[in-house]
Amino acid sequence: MLDLNDVALFVKVAESGSFAGAARRVGLPPNTLSRRVQHLEDTLNVRLLHRSTRKLTLTDAGKRLYEHSADKINGLHEVSRLLVGANQEPMGNIRVAAPADFFEIYLMEWIADFLSLYPGLYIDFVLSDTLSDMIAEGIDVAFRGGVLKDSSLVARKISTGRRILAASQAFLDQHGIPADIHELGNFQCIRASNQSDQTVWHLTGEEGEFEIEVGGRFCANTAQAQLKAALYGLGICLLPESLLQESLKNGRLVPVLPMYGQPNNDMSIVYPSRRHIPLAVSVFVEHTATRFKSKIIHAPVVLQRGRPS
């Protein structure tokens, strides 16, 4: 007899792309999931998955079963969640991907508050500037900046902003100030790490959009490192206005060509699907959106007295 629980587990495996990813979502060991799917295949007398050491893919039969059952299974899950959600306490692990210097920019207090509100939850942050494959790596939620390219993800914009140019007064006193946008390429610029000696900055002003090729002797793969390099006078930086705000306010940095910048420097919180969002992920997204809206989660840049650290 067909076991609908096995069908539900098969749907989770198909959506996760791996037994390990599905196991994290349903709270079962991967080998248990594998046995249950094998049992479903034996019951139906058909292979549903192509298995390899790297990934799982659906067979034609697997695709047909998924197409005819996924909406129904997820619909039942959603009804169940709505019926019990009012009395259910969120529990489990939330795996979150974020940029490498995330907690240098945002206060840890925000996470501490969240964990105190939900004692049954655990958070696993994966900090890297490499764009994660959310399904393959079992990521529940990710913080992404700028324009999002992956249309398969559900995105919720939680802050807006732009990048602007800035430098220390000492740097400008020594090297001068670019007279216009086209002179920017003649100055030392602080760039994100890459494998090229030159970087193209896309800047927008009243006259339109410009592509300016810039170079410089200092590169770094985190925004905080680039900021500290600018404070040390190593060049002109292009960083989020919110990150530069404190340094501009206290005079450690000054704007450069303030009529130009990079718009759409938005921060979004993304997750793989609208369907059957785990309660733990739902409360995390809502808490995050509220704290970002309140604008009280930015951490100050800590400097040694008298000079940048």
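Quick note: residue numbers are just sequence positions, from 1. Side chains are part of it too, since the values below use all heavy atoms of this structure and drop only hydrogens, waters and symmetry mates.
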Run through the side-chain heavy atoms of Ile, Leu, Val, Met, Phe, Trp and Tyr, join any pair under 4.5 Å, and report what else lands in Met91's cluster.
-> none
Are any non-hydrogen side-chain atoms of Leu40 and Leu65 less than 4.5 angstrom apart?
-> yes
Check: Arg35 and His39 side chains under 4.5 Å, non-hydrogen atoms | no
Can you see which heavy atom on Ile236 is nearest to which on Trp201, and at what distance?
-> O-CH2, 3.6 Å
Considering all heavy atoms, the nearest Leu33-Ala23 contact = CD1-N, 3.4 Å
Do side-chain atoms of Ser16 reach the backbone of Lys12 as a donor and acceptor pair under 3.5 angstrom?
-> yes
Please output the side-chain donor-acceptor pairs of residues 116-128 that fall under 3.5 Å, not counting sequence neighbours, one pair per line with the distance.
unit_1	atom_1	unit_2	atom_2	d
Ser116	OG	Ala112	O	3.4
Ser116	OG	Asp113	O	2.7
Asp124	OD2	Arg95	NH1	2.8
Ser128	OG	Thr130	N	3.0

With sequence neighbours left out, write down each residue that passes side-chain hydrogen bond (donor to acceptor under 3.5 Å, both in side chains) with Asp60, or none if nothing qualifies.
-> none
Around atom CD of Glu137, are there more than 12 heavy atoms of other residues, nucleotides or ligands at under 6.0 Å?
-> yes
Any Lys/Arg nitrogen of Glu286 or Arg156 sitting under 4.0 Å from an Asp/Glu carboxylate oxygen of the other?
-> yes
Kindly indicate whether the side chain of Thr32, heavy atoms from C-beta on, has any atom under 4.5 Å from the side chain of Leu9.
-> no
Check: Gln188 side chain, Phe218 main-chain N or O, donor-acceptor pair, under 3.5 Å | no
No-hydrogen, no-angle side-chain donor-acceptor test under 3.5 Å, Thr199 and Arg191 = yes
Please, which pairs that meet ring pair (Phe, Tyr, Trp, His ring centres under 6.0 Å) have at least one residue in residues 6-28, sequence neighbours excluded?
-> none
Does the His68 side chain pair with the main chain of Arg64, one donor and one acceptor, at a distance under 3.5 Å?
-> yes
Carefully, step by step, assess Leu227 and Leu253 under the rule side chain to side chain contact (heavy atoms under 4.5 Å, CB included).
-> CA-CA 10 Å; Leu227 171 57; Leu253 294 177; 3.7 Å; yes
Non-hydrogen atoms of Ser69 and Val11 that approach each other most closely | OG-CG2, 3.7 Å
Are the side chain of Gln226 and the backbone N or O of Ala220 linked by a donor-acceptor pair below 3.5 Å?
-> yes
In terms of the angle between their ring planes, are Phe143 and Phe284 parallel, tilted or perpendicular, with boundaries placed at 30° and 60°?
-> perpendicular
For Arg47, does the CZ atom have more than 12 heavy-atom neighbours from other residues, nucleotides or ligands under 6.0 Å away?
-> no
Name all pairs fulfilling the ring pair (Phe, Tyr, Trp, His ring centres under 6.0 Å) condition that reach into residues 241-263, sequence neighbours left out, sorted by first residue then second.
-> Phe210-Tyr260
Hey, can you pull the donor-acceptor pairs under 3.5 Å for the side chains in residues 164-184, sequence neighbours left out?
unit_1	atom_1	unit_2	atom_2	d
Ser168	OG	Phe171	N	3.1
Gln169	NE2	Asp173	OD1	2.9
Asp180	OD1	His182	N	2.9
Asp180	OD1	Glu183	N	3.2
Glu183	OE1	Ala179	N	3.1

